[in-house]
Amino acid sequence: MKYDLKNFTIDEKIKLLSGKTYWTTGDADGKVRELWLCDGPHGLRKRVNDATVPATAMPCLVNLANSWDRESVRLSAQTIADDCIENDVDVLLAPGVNIKRTPLCGRNYEYFSEDPFLAGELAIQFINGAQDSGVGTSLKHYCMNNRDFERLFQSNEADERTMREIYLKPFEMAVKNSKPTTVMCAYNLVNGILASENKWILTDILRDDWGFEGLVVSDWSAVKNAYKSLIAGVDLEMPSNQPSYQVLKDALDKGLITEELIDLHAQRVLDLIEKCDKNKESRKAKFTPSQRHENAVKVAGEGIVLLKNDGILPIKSGEIMVTGMEVNKPAIGAFGSAMVTSSYKLKNLCDVLNEQGVQANFKEYIIHREERSSIFAGGAYDSAFETDAVIICVKGPDEGEGGDRVRIKLHDYQEDFILNMAKANPNVVVCVYAGCAIDMSAWIDKVKGVIFVGLAGEGVHEALAPIIAGNLCPSGKLSETFPLCVEDTPSGTKLGNGYVDFYEEGLFVGYRYYDRFSKPVLFPFGFGLSYANFTYSNLKVEKQSETDYIVSYDITNNSDIDAKEISQIYVRDVLARVVRPYKELKGFSKDLIKAGETKRVSVKLDKSAFAFYSIPLKDWHVESGNFEIMVGASSQDIRLSAKIKIQMPDHTQSSFHYVAYPDYNLTKFGWKKGEVPDEPYKPFE
Ligand code: GLC
């Protein structure tokens with residue numbers, strides 16, 4: 001139904017600008033339908049009468065990201081959309097695309113990656129998956145909500161280039177490529193101004209630069225002053241907030257805002273209602289409830305990451321002891337608004353392992369509290385001593401909304417238990433259930449296998465067991481660096497002081513940081529093992545235009561099992577007149593390659609693969625010069641590379657650019673006069 005603002009009084013228009021209830025939008029005194037806005041990224045969380053409606057608990061975004069699989073991300077969103085459709089929900093408050101700046105952030109399990117390109121690409125798929133099913137989305141939390149410590153008060157500060165190239169980039173990619181129904185503004189301040197009152201991000205960048213035409217909704221209670229938020233660009237304050245009506249009325253009477261401004265925002269609310277009404281007429285669920293569970297299992301299987309395998313996996317025979325608190329009650333998500341109440345009875349890992357049809361006898365050993373770190377109490381040691389191998393299932397440190405992690409190591413008793421079991425049995429496999437990087441350095445050398453399970457939803461064990469038993473080849477890779485210790489991360493153990501968190505590492509977040517400072521890590525960004533092994537060959541870089549290329553290469557599966565491989569494209573600007581990360585992810589592909597098969601993979605690169613954000617030019621800028629295209633199995637396992645030379649029109653280039661002065665005295669950097677250097681150039685070395 002089309003709504004015309006002329007049919008609404010000023011009072012009714014003001015009432016459209018904030019919710020009617022905690023989860024529904026205003027109805028302008030009954031003139032329009034209330035819309036339901038519900039969480040979340042891992043499944044529907046619809047609260048009715050203080051209870052949460054049961055829904056399919058899909059893998060968390062950490063697992064979607066570790067899948068690097070566009071199709072899995074779409075499927076997850078489509079599956080969640082079905083629960084929304086069956087529960088009359090109009091907008092799903094997801095996905096979260098905040099950058100994983102620190103592994104201490106409690107909500108990292110709800111975000112995709114440390115890399116903006118990976119986060120942006122997967123957000124596009126999530127949004128398309130939900131919206132193509134007729135359910136709106138909310139791209140969040142805009143912006144720089146990179147930890148939950150003092151999230152309501154702290155100002156997160158970074159220079160504009162860092163913001164544009166890192167923290168805003170996933171939002172820009174999603175807005176430009178998938179047109180999310182809504183964007184949710186964050187709680188925190190951005191460079192000193194509340195995100196909900198920050199016209200620079202909400203209007204100048206989001207709308208004027210990126211062309212966003214949807215609706216800006218506040219995070220819940222993120223609006224501190226209704227008319228200041230309206231002026232900045234918030235269209236809809238959630239949840240309902242009675243005082244806001246009078247604040248807006250008074251501001252209108254004082255001339256602080258105009259009726260035209262109220263109309264602008266009220267129209268966007270009406271547009272959203274019209275869009276949701278239209279969706280409602282035609283949308284219907286794609287999957288049955290049991291198919292949704294199958295989807296949960298399928299998606300979980302794509303995002304589990306094999307981190308270490310000294311030949312112990314897959315386990316196909318022997319007497320195997322399975323132990324740990326997660327065996328029977330696995331962590332499938334974490335605390336906060338992204339929680340899902342699943343009615344599915346989670347499977348015991350041991351039971352599913354025994355169903356896998358392998359010769360092994362998997363026997364669950366219930367750990368009692370006092371046994372956790374004593375190798376002699378209660379027989380844990382004896383049992384481990386007598387079996388052929390031990391599988392230990394451990395949960396990472398507490399994480400979730402409203403509370404950042406206080407550590408990235410497992411708890412002492414967990415580490416002790418692993419070390420004691422490793423003393424009792426040389427064949428230990430550790431399965432880690434966590435939403436973010438874990439410092440495993442205390443015990444990883446003592447065990448033979450490590451699987452990063454993530455927080456993989458209700459189907460977790462129906463995905464994990466086939467991997468352990470060898471019936472499913474692991475194909476996930478890390479979407480964030482696992483550091484050797486939290487002190488090695490760009491922001492270390494610093495939280496900010498409750499007022500300001502200054503992103504002093506600038507562009508150098510995640511692998512960009514470890515590259516720049518040549519810091520060793522436990523597992524690099526993009527790392528994950530397979531039961532198969534792959535070789536890469538025949539790289540070809542075909543020029544389509546000065547900034548458009550097709551990168552193609554062969555991947556051969558040298559094993560006797562079908563398997564999937566995630567190949568990654570990194571681009572290096574060999575010599576720039578600004579500081580740049582050594583290399584940046586600009587493409588990736590996940591491909592099923594059958595046993596013994598060679599598959600040709602191709603990835604397109606466009607201008608965004610080469611450009612950086614120029615502050616003086618206020619735009620993305622490609623400098624003429626040499627670039628290196630790298631194809632990697634991980635960010636630290638580059639298999640192929642090729643150099644290209646980009647020659648942009650001279651009028652687009654700043655005068656004092658090294659190509660303009662090929663004889664500029666490069667010798668001072670030790671390079672031969674007249675030759676453009678081929679080695680990595682670190683101007684601030
Ligand atoms: C929460 C979260 C946001 C969620 C919203 C509604 O505080 O920050 O992610 O969608 O409120 O629950």
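First listed ligand is number 1; within each ligand, the first listed atom is number 1.
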Original post:
In the protein, what heavy atom is nearest to atom 5 (C) of ligand 1, and what distance, to one decimal place, separates them?
Top reply: Asp219 OD1, 3.4 Å
**OP:** May I ask whether Arg107 places a heavy atom under 4.0 Å from ligand 1?
**Re:** yes
Original post:
At a non-hydrogen distance cut-off of under 4.0 Å, which region of Arg151 contacts ligand 1 (side chain, backbone, both, or neither)?
Top reply: side chain
**OP:** Would you mind finding which of Tyr22, Tyr187, Trp220 brings a heavy atom closest to atom 7 (O) of ligand 1?
**Re:** Tyr187
Subject >> Non-hydrogen side-chain atoms of Tyr142 and Leu168 separated by less than 4.5 Å >> reply: yes
Original post:
Cation over ring, Lys169 on Phe117, under 6.0 Å and within 45°?
Top reply: no
Subject >> Element-labelled atoms of ligand 1 that are located less than 4.0 Å from some non-hydrogen atom of Trp23 >> reply: 6 (C), 12 (O)
Original post:
Which ligand 1 atoms are under 4.0 Å away from a heavy-atom of Ser337?
Top reply: 2 (C), 3 (C), 4 (C), 9 (O), 12 (O)
**OP:** May I ask you to list the atoms of ligand 1 that are less than 4.0 angstrom from any heavy atom of Lys140?
**Re:** 3 (C), 4 (C), 9 (O), 10 (O)
Subject >> Which of the ligand 1 atoms, numbered from 1, are nearer than 4.0 Å to a heavy atom of Met184 >> reply: 10 (O)
Subject >> Residue and atom name of the nearest protein heavy atom (relative to atom 2 (C) of ligand 1), distance in Å to one decimal >> reply: Glu401 OE2, 3.3 Å
Subject >> N-O pairing of Lys100 and Glu114 below 4.0 Å >> reply: no
Subject >> Residue, atom name and distance, where the atom is the protein heavy atom closest to atom 12 (O) of ligand 1 >> reply: Asp39 OD2, 2.7 Å
Subject >> Ionic contact status for Lys298 with Glu462, cut-off 4.0 Å >> reply: no
Subject >> Note: Lys179-Glu213 ion pair, threshold 4.0 Å (strictly below) >> reply: no
Original post:
Do Tyr511 and Phe525 have ring centroids that are under 6.0 Å from one another?
Top reply: yes
Subject >> Ring centres under 6.0 angstrom apart (Tyr503, Tyr167) >> reply: yes
Original post:
Of the options Lys46, Arg292, Arg45, which is the one that meets Asp83 in a salt bridge (Lys or Arg N to Asp or Glu O under 4.0 Å)?
Top reply: Arg292
Subject >> Nearest neighbour in protein (non-hydrogen) for atom 9 (O) of ligand 1 >> reply: His141 NE2, 2.7 Å
Original post:
Is there a heavy atom of Met238 sitting under 4.0 angstrom from any atom of ligand 1?
Top reply: no
